[in-house]
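Written below as structure tokens is the structure these notes are about.
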Amino acid sequence: MSGDDDRGAPRHGARPEGGGPGLPEIDVREYGGKRDGERQVMDRRLFMQLLVFDVPADRDLPSPADVQRELARALIDAGVPHVLYADTNSPSGLALLTWSEDPAHFVDRVRPVFHEGTRRRLVQRHDHTMIGRTYSLGHEPDLEHGLLRRPVEYVLHEGWDWAVWYPLRRSGAFEKLEKHDQSIVLREHASIGMAYGRADLAHDVRLACHGLDAGDNEFVVGLVGKALHPLSHVVQSMRHTRQTSEFIVKMGPFFVGRAVHRHAGAKP
């Protein structure tokens, strides 16, 4: 988890909704840094979902590798951009990462893929299901790229085949800190993440999952890179930060996989 949040700052060009006598104004937009003197504002974000499955040990079913290939073909036929991962910790496990700005995509396009063929026989690991949305930190130089394109570029990047995905939840004590103190805690965390990224060791996808996660987690983090060891190492390094040591009350379960198939979908 990297970056800091300055959502308490004044927002240029915001158009809050709701409000009224005695009621707070509601603003669900995302804000970035200034461009041409104007603060960037968008009401768009990307949803990403990870589903994890096991192929049952059944003589009537093809091998996990064959099921994986069949699933990839079905996803391409359905026009679903995706990454398929082989589960490092399960000989018969696989995971599917998909994304869209429209969350209905997961119901209307992804879900039907599992209603046909051998895909109906896959056993879902519900405790490993992760879904979240991209969010701004308040100072992105290119807000649209940060929210919509960079996460997809990371997961589709050829050579960054290793991935670790996990949810986490912070304690209520963090929310009680003053904004300034929160920023200090988050910047310590962020500096470590940026160092790994600049060294091309680990790159992170950060998603908010408040109210979307069955386990009441708040964030989903995806780490991708060329090798697995640095992904483990960055998690280890983060344990020494104040955020993790004092304010993270839950992390995991962790999914560890290697990308075996990628499909970017049709170009606009």
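Because the structure is a prediction, the values reported are computed rather than measured. Residues take their numbers from the sequence shown, with the count starting at 1.
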Contact check, side chains of [X] and [Y], non-hydrogen atoms, under 4.5 Å:
X: Glu144; Y: Gln40; result: no
X: Leu71; Y: Val113; result: yes
X: Leu186; Y: Gln243; result: yes
X: Val234; Y: Leu201; result: no
X: Thr244; Y: Val235; result: no
X: Trp165; Y: Val205; result: yes
X: Phe53; Y: Val67; result: no

What closest approach, in Å, do [X] and [Y] show between heavy atoms, and which atom pair accounts for it?
X: Met130; Y: Pro253; answer: CE-O, 3.6 Å
X: Arg133; Y: Glu30; answer: NH1-OE2, 4.3 Å
X: Met238; Y: Thr241; answer: O-OG1, 2.8 Å
X: Gly132; Y: Leu212; answer: CA-CD1, 4.3 Å
X: Leu207; Y: Tyr135; answer: C-CE2, 3.8 Å
X: Ala72; Y: Leu84; answer: CB-CD1, 3.7 Å

Which atom pairs, one a donor and one an acceptor, fall under 3.5 Å between side chains of residues 87-95 and the rest of the protein, sequence neighbours left out?
| from | atom 1 | to | atom 2 | distance (Å) |
| --- | --- | --- | --- | --- |
| Asp87 | OD1 | Asn89 | N | 2.9 |
| Asp87 | OD2 | Arg125 | NH1 | 3.0 |
| Asp87 | OD2 | Arg125 | NH2 | 2.7 |
| Thr88 | OG1 | Val256 | O | 3.1 |
| Ser90 | OG | Asp54 | OD1 | 3.1 |
| Ser90 | OG | Gly93 | N | 3.2 |

State whether the side chain of [X] and the backbone N or O of [Y] hold a donor-acceptor pair below 3.5 Å, judged by distance alone.
X: Glu140; Y: Gly138; answer: yes
X: Arg169; Y: Met251; answer: no
X: Asp204; Y: Arg206; answer: no
X: Ser136; Y: Tyr31; answer: yes

Short N-O contact, Asp43 and Arg45, less than 4.0 angstrom: yes
Tell me whether the rings of Phe174 and Phe247 are parallel (<30°), tilted (30 to 60°) or perpendicular (>60°). perpendicular
How about Phe219 and His210: are their ring centroids closer than 6.0 Å? yes
Would you compute the distance between atom [atom1] of [X] and atom [atom2] of [Y] and round it to the nearest 0.5 angstrom?
X: His82; Y: Leu75; atom1: NE2; atom2: CG; result: 4.5 Å
X: Ser237; Y: His189; atom1: OG; atom2: NE2; result: 10.5 Å
X: Arg73; Y: His263; atom1: CZ; atom2: NE2; result: 14.0 Å
X: Glu218; Y: Glu175; atom1: CD; atom2: CD; result: 6.0 Å
X: Lys226; Y: Asp161; atom1: NZ; atom2: CG; result: 11.5 Å
X: His115; Y: Arg119; atom1: NE2; atom2: CZ; result: 10.5 Å

Between His105 and Gln49, is there a side-chain donor-acceptor contact under 3.5 Å, judged purely by atom types and distance? no
Taking it one step at a time, do Leu97 and Met48 satisfy side chain to side chain contact (heavy atoms under 4.5 Å, CB included)? CA-CA 7 Å; Leu97 179 72; Met48 304 187 88; 4.1 Å; yes
Can you name the salt bridge (charged side-chain N to carboxylate O under 4.0 Å, His left out) partners of Glu101, sequence neighbours left out? Arg44
Checking Trp160, Tyr196, Trp162 against His203 for ring-ring contact (aromatic ring centres under 6.0 Å, His included), the one that qualifies is Trp160
Could you go step by step and tell me if His261 and Arg69 meet the side chain to side chain contact (heavy atoms under 4.5 Å, CB included) rule? CA-CA 8 Å; His261 186 268; Arg69 284 189 286 269; over 6 Å; no
Check step by step if side chain to side chain contact (heavy atoms under 4.5 Å, CB included) holds for Leu156 and Val83. CA-CA 7 Å; Leu156 288 177; Val83 178; 4.1 Å; yes
Of Leu96, Val260, Val55, which meets side-chain contact (heavy atoms from CB on, under 4.5 Å) against Gln68? Val260
Evaluate Asp142 against Arg149 for salt bridge (charged side-chain N to carboxylate O under 4.0 Å, His left out), listing each step before the verdict. CA-CA 10 Å; Asp142 186 338; Arg149 298 198 301 275; 3.8 Å; yes
Within a radius of less than 6.0 Å around NE2 of His240, do more than 12 heavy atoms belonging to other residues, nucleotides or ligands occur? yes
Test side chain to side chain contact (heavy atoms under 4.5 Å, CB included) applied to Glu246 - qualifying residues, sequence neighbours left out: Arg242
